[in-house]
Amino acid sequence: MGAALRRIQLGSALSAFGLGFTVPYLYVYVAQVRDLGAGTAGVVLAVFAMAALAVLPFTGRVIDRRGPLPVLLVASVVASLGAAALGFSSQVTAAVLSAAVLGAGTAVMQPALATMLVRCSDTGTRTRAFAMQFFLQNLGLGIGGLVGGQIVDTERPSSFTLLFLIEAVMFLVLGAITATVRMPRTSAVAAGVSGAGDAARGGMRGLLSHRAMVQLCVLGFVVFFACYGQFESGLAAYGTEAAGIEPSTLGIALAANTAVIVVAQFVVLRLVERRRRSRVIAAVGLIWAFAWIVAGFAGLGHGSQTMATAAMISTYALFGLGESMLSPTVAPLVADLAPESMVGQYNSAFALCKQLALAVGPAVGGPMGASLHGPYIVTFVLFSLGITVLALRLGRRLTPVQDQPSLAAVPSRVVVVSLPESTTAEVPAPVPAVH
C-alpha cells in the first residue's frame, strides 16, 4: 500500500479500537450504571441506529461534491462530541441526544472512509485494500472490547466515562491522521466540481436505474439481515433459550467469530481474489446456510449440553469464515459499479441498506429466536440460500472485469462500470490479458 492508504487504514483501525471500548457495554451503561432502565437503554440503541438512517441519504452527494476527506473530518469531530457527551450523560434526554450525535457521526464515517480507499487505490489494489480494512477494524474492535472489559466497573460510573473519553479521543486521532493524507485529484473529483457526467446529474434517480447496483443493494440487505442483524439479538436469544447455553458462552462464540476472521482473512483473500466475485458471494450463502443448520442442531437436536455449546460456537465461527470472504468482494464491487463522479453516493446507498438491515434484523429475529425456534432456523436457512441465488443473478449483470478484477490487463484508477440504463455515456471496457 502507498502512504495514503496506510494512513487511512491506521486511522480506521484506531477508530474501531475506540468503538470496541463502548459498543459491548452501551446497554449496561445506560440501563444499570446510569440507572435509566432497560426501556431507556432500548431507546438509546434505537436512536443510535435511526440517526444513521437520517443522515446517510444526504451523505453521498456531499462526499461527491466536497470530497471524502472534509466529510470525514467533520464526522470524526461530531462522533467525538457525541461519545464524550454520552460519557457524562446521567439523564434520559442527554443520553438520547448524545446517542443521536454519536450515531450520526459514526454512520457518515463509513462511506467517507470507503470513498477515500477507492480514490487512493485502483482495480488491482482495491480488493486487498478493503480486505485489510475489514481485518484491521475487526482486530481493533476485538482488542478494544478486551481492554475495555478490564477497565469497566458497574459500581463506578467514572470507569465508563473513561471508556467514552477514550473513544472520543480515537475519533479525533482518526481525523488527525487522515487530515495528513494527500488525496489524488482524479477525474472523478473534477467531474464532481464541474457537474459533468450524466450519472452525476441523475443523482439518486440514476442510481436507482442502475439495475446491477440495485441488485447489489438488495443482496447487501439480505446479507446483513441474515448475519450481522442476528448476532446480538435473534441468534443470542436462540442460543440461550433453545440451546440452553450460558450468556458468558456468547462472549466465547463472538471471540471465535473474530478469531476466524483475523486468522483466515489473508488465506481466504489469496483464494478468492482471482475468482469471480459473484461465485464467492454465492458460496458464502451456502456456508451460512450450513451454519444455521448447525445452530438448529444446537437447539433442536436434543444432544448433550456440551454438543449444543460446541455447535453454537461453530455457528459463529462459520459466520466469520463467510465474513472474511465477503470483505474483499462486496465493498470493492460497490466501488467498481459506481460512475466516477458518484462513488460517494453509491457507498452511502449501500451503507444505508446495511443500516436498514441492522435495524430490521433484531426486530424480526429477536422475538423469533426467543420463542419460535424451529421457524427461526428455517427462515434464516432460506435467507442464506437466497444470498446464493441473488449473487448468481447479480453475476449475469456484471462485466467480466467487474466480476473478476484479475482479468484486467493493466490496473487503472478509472474503474470499468456498469452504467445506469438512463446514462448515455459509454465507458470502453479494457482489453483482457492474453494468457
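In this structure, P332 and T127 approach most closely via the heavy-atom pair CG-CA, 4.0 Å. Closest approach of V214 and L208 over heavy atoms only: CG2-O, 3.4 Å. The shortest non-hydrogen separation linking A295 to T315 is N-OG1, 3.3 Å. Minimum heavy-atom separation, G344 to D64: N-OD1, 2.7 Å. When all heavy atoms of R276 and G395 are compared, the closest pair comes out as NH2-O, 4.5 Å. Of all heavy-atom pairs spanning L163 and G148, the tightest one is CD2-CA, 3.9 Å.
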Decide side-chain hydrogen bond (donor to acceptor under 3.5 Å, both in side chains) for E323 and N257; before the verdict, give the C-alpha distance in whole Å, the side-chain angles of both, and the deciding distance to 0.1 Å.
-> CA-CA 9 Å; E323 291 173 72; N257 173 269; 2.8 Å; yes
Carefully, step by step, assess V334 and M213 under the rule side-chain contact (heavy atoms from CB on, under 4.5 Å).
-> CA-CA 7 Å; V334 175; M213 181 58 188; 4.0 Å; yes
Would V343 and N347 count as a side-chain contact (heavy atoms from CB on, under 4.5 Å) if you check the C-alpha gap in whole Å, the side-chain angles of each, and the deciding distance to 0.1 Å?
-> CA-CA 6 Å; V343 174; N347 280 322; 3.5 Å; yes
Start with the C-alpha distance between N138 and T258, add both sets of side-chain angles, then the distance that settles side-chain hydrogen bond (donor to acceptor under 3.5 Å, both in side chains), and finish with yes or no.
-> CA-CA 7 Å; N138 275 277; T258 302; 4.9 Å; no
Applying side-chain hydrogen bond (donor to acceptor under 3.5 Å, both in side chains), run through S121 and R126 and close with a yes or a no.
-> CA-CA 5 Å; S121 63; R126 191 163 295 141; 3.2 Å; yes
Which is it for K354 and F221 under the side-chain contact (heavy atoms from CB on, under 4.5 Å) test, yes or no, and what are the steps along the way?
-> CA-CA 6 Å; K354 171 184 175 180; F221 178 88; over 6 Å; no
Candidate pair F17 and L141, rule side-chain contact (heavy atoms from CB on, under 4.5 Å), full reasoning = CA-CA 5 Å; F17 175 70; L141 284 169; over 6 Å; no
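To the nearest 0.5 Å, the span separating CG on L72 from CD1 on I177 amounts to 11.0 Å. In this structure, the separation between CG on L113 and OG1 on T178 is 7.5 Å, given to the nearest 0.5 Å. Rounding to the nearest 0.5 Å places OG of S80 at 10.5 Å from CG of L174. L398 CG to Q404 CD: the interatomic distance, rounded to the nearest 0.5 Å, is 11.5 Å. In this structure, CD1 in I8 is found 12.5 Å from CG in L136, a value given to the nearest 0.5 Å. Taken from CG in L333 to CG in L394, the straight-line distance is 6.0 Å, to the nearest 0.5 Å.
Put simply, the side chain of S159 gets close to the backbone of D153: a donor and an acceptor are under 3.5 Å apart. At least one donor-acceptor pair closer than 3.5 Å links the side chain of T40 to the backbone N or O of L36. A donor-acceptor pair under 3.5 Å is formed between the side chain of R7 and the backbone N or O of T180. Formation of a donor-acceptor pair under 3.5 Å by the S327 side chain with backbone atoms of A131 is not found in this model. Put simply, the side chain of S324 never gets that close to the backbone of Q265: no donor and acceptor are under 3.5 Å apart. Side-chain atoms of S98 do not come within 3.5 Å of backbone N or O of A95 as any donor-acceptor pair. Here the side chain of Y376 pairs no donor or acceptor atom with the backbone of Y238 at under 3.5 angstrom. Without hydrogens or angle criteria, Y316 side chain to A255 main chain gives no donor-acceptor distance under 3.5 Å. The main-chain N or O of S278 is found under 3.5 Å from a side-chain atom of D403 such that the two form a donor-acceptor pair. In terms of modelled atom types and a separation under 3.5 Å, the side chain of Q9 and the main chain of A129 share a donor-acceptor contact.
Under the ring-ring contact (aromatic ring centres under 6.0 Å, His included) criterion, F350 pairs with no residue, sequence neighbours left out. Under the ring-ring contact (aromatic ring centres under 6.0 Å, His included) criterion, W288 pairs with F319, not counting sequence neighbours.
For the side chain to side chain contact (heavy atoms under 4.5 Å, CB included) criterion with L73, the lone passing option out of L69, V77, V71 is L69.
With ring centers used as reference points, F164 lies 6.0 Å or more from F21.
The list of ring pair (Phe, Tyr, Trp, His ring centres under 6.0 Å) pairs with a residue in residues 114-162, not counting sequence neighbours, reads Y29-F160, F135-F266.
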